[in-house]
Amino acid sequence: MLLEVEDLAVTFRDDREVRAVDGVSFAVDAREVVGLVGESGCGKSVTSLALIGLLANQNTRRVRVEGRASFDGLDLLRADARTLRDIRGREIAMIFQDPLSSLNPVVPIGVQVAEVLIRHRGASKPEAMRRAAELLERVGIPDPTRRLKEYAHQLSGGMQQRALIAMAVACRPRLLIADEPTTALDVTIQAQILELLKELVREDGTAMIMITHDLGVVAGLCDSVNVLYAGRVVESAGRHSLFGRPVHPYTVGLLRSIPRLDEDRGARLTPIRGSVRDVLPWAQGCAFAPRCDRAIEECLAGPPPLAGVAHTYRCVNPEALP
């Protein structure tokens with residue numbers, strides 16, 4: 001396996017202690033696309049930031065990161081800052097959720113793409129700028145030579161996201177983390193960005209972690225899926241198994257909350273009641289129990305164990321067996 005994450009936990013401390021990620025485990029192999037799915041606040045983005053050491057004050061009194069994350073034999077959670085700086089951008093790259101806030105507003109796009117090549121590949125500035133133009137063209141930005149001199153605010157949202165992808169793939173990383181890369185884009189641009197990511201994985205052999213709340217994105221891109229709730233993986237399976245026979249009530253609720261082309265016109269959606277704030281501590285029982293229509297007394301008898309083999313789930317009263 002290229003990346004193996006075992007019992008990853010992230011705890012924030014201020015006036016009180018908040019466990020944002022609570023024992024997450026998953027693996028990613030070369031050329032594989034793995035999805036991390038769930039509502040906002042379930043721990044998806046915190047998981048990715050912890051893996052590459054980008055949480056503010058990580059491993060201090062305010063932020064504690066525990067567990068193991070082996071990337072080709074190196075434990076990312078115990079690597080020093082210099083090692084992580086060398087890995088980020090070269091071996092592991094990340095596409096952030098909001099491209100406008102991720103791009104430097106006072107530095108031309110070309111310079112931002114080129115500096116990755118200068119830092120990690122030792123390219124000269126002229127060589128790096130030529131390569132930057134090629135990368136912008138590869139991700140579908142028209143007239144790349146002119147765009148090299150432009151600033152982030154001069155690009156549309158779709159172009160900004162493409163520029164961010166160009167930076168991420170500049171060094172042909174072995175692992176690409178995409179944190180909701182299509183959230184702020186319209187449907188047409190979303191489809192173009194997803195197709196672009198598919199091509200990059202196929203052509204470069206890059207493994208990818210796709211973080212999203214959009215199950216449509218997962219269905220079209222991911223090989224396997226991990227559904228997160230309240231900081232834990234509650235269901236994990238291959239894409240076809242998960243969509244064909246979902247087991248956990250939370251996964252079923254997510255699927256029932258989205259429109260389907262095969263439903264009758266005018267059919268009502270069935271949203272999950274409550275909000276992500278309506279949770280129990282895992283130590284007391286299933287965190288999803290306050291929102292679950294299938295909750296029974298056993299759900300409050302302690303943390304539900306992980307069941308299943310290839311299709312795993314964390315529920316004592318599942319919708320169906322895989």
Side-chain angles (χ1 to χ4, degrees), residues 1-10 19-52 65-71 76-77 92 94-95 97 175-181 197 201 207-255 257-258 272 276 279 282 286-288 303-315 318-319 322:
M1 283 291 173
L2 179 64
L3 174 69
E4 292 182 273
V5 180
E6 297 178 10
D7 294 322
L8 175 66
V10 180
R19 199 148 170 110
V21 179
D22 193 0
V24 166
S25 298
F26 64 92
V28 186
D29 209 351
R31 297 180 180 272
E32 185 181 15
V33 181
V34 173
L36 297 183
V37 183
E39 296 169 286
S40 297
C42 70
K44 308 184 301 295
S45 296
V46 173
T47 295
S48 64
L49 294 173
L51 289 177
I52 54 177
V65 179
E66 301 167 288
R68 177 175 169 271
S70 176
F71 177 74
L76 296 173
L77 304 185
I92 304 175
M94 187 163 180
I95 304 169
Q97 187 173 151
L175 176 64
L176 183 63
I177 302 174
D179 186 3
E180 306 212 28
L197 291 174
V201 170
M208 183 163 65
I209 299 174
M210 170 60 72
I211 297 170
T212 182
H213 61 271
D214 189 336
L215 290 171
V217 170
V218 172
L221 189 65
C222 297
D223 299 306
S224 60
V225 189
N226 298 279
V227 181
L228 275 71
Y229 188 79
R232 287 195 181 185
V233 176
V234 295
E235 186 166 1
S236 180
R239 175 184 60 188
H240 297 293
S241 178
L242 186 96
F243 282 90
R245 199 171 180 83
V247 173
H248 197 282
Y250 179 59
T251 308
V252 173
L254 290 176
L255 289 169
S257 299
I258 58 176
I272 301 173
V276 275
V279 296
W282 281 106
C286 177
F288 186 60
L306 195 64
V309 182
H311 188 148
T312 61
Y313 56 94
R314 201 180 296 274
C315 182
E319 289 275 346

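Below, all heavy atoms of this structure are taken into account, side chains as well, without hydrogens, waters or symmetry copies. Since we're looking at a predicted model, the values are computed, not measured.
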Polar side-chain atom of Lys44 near backbone of Leu228 as donor-acceptor pair, under 3.5 Å: no
Examine distances only and state if a side-chain atom of Thr312 and a backbone atom of Gly308 form a donor-acceptor pair shorter than 3.5 Å. no
Expected output: side-chain Arg239 to main-chain Ala219 donor-acceptor under 3.5 Å: yes
Side chains of Val227 and Leu242 in contact at under 4.5 Å (non-hydrogen atoms): yes
Are any of the side-chain heavy atoms of Tyr313 and Leu306 separated by less than 4.5 Å? no
With no hydrogens and no angle check, do the side chains of Tyr250 and Glu39 hold a donor and an acceptor under 3.5 Å apart? yes
With the side chain counted from C-beta on, respond yes when Phe26 and Leu36 share a heavy-atom pair under 4.5 Å apart, and no when they do not. yes
Do Phe71 and Leu51 touch side chain to side chain, with heavy atoms closer than 4.5 Å? no
Please report, to 0.1 Å, the donor-acceptor pairs under 3.5 Å made by any side chain of residues 3-10, with sequence neighbours excluded.
residue	atom	partner	partner atom	Å
Glu6	OE2	Arg68	NH1	3.0

Compare all side-chain heavy atoms of Val217 with those of Glu180 and state whether any distance is below 4.5 angstrom. no
Quick one: closest heavy-atom pair of Val34 and Ala27, and the distance? CG2-O, 3.6 Å
How about Pro246 and Glu319: do any of their side-chain heavy atoms sit closer than 4.5 Å? no
Minimum heavy-atom separation for Asp29 and Met1, please, with both atom names. CB-SD, 3.6 Å
Close side-chain approach of Leu197 and Leu176, heavy atoms under 4.5 Å: yes
Using 30° and 60° as the class boundaries, would you call the ring planes of His248 and Phe288 parallel, tilted or perpendicular? tilted
Answer yes or no: is there a side-chain heavy-atom contact under 4.5 Å between Ile177 and Ile209? yes
Glu235 side chain to Val247 main-chain N or O, any donor-acceptor pair under 3.5 Å? yes
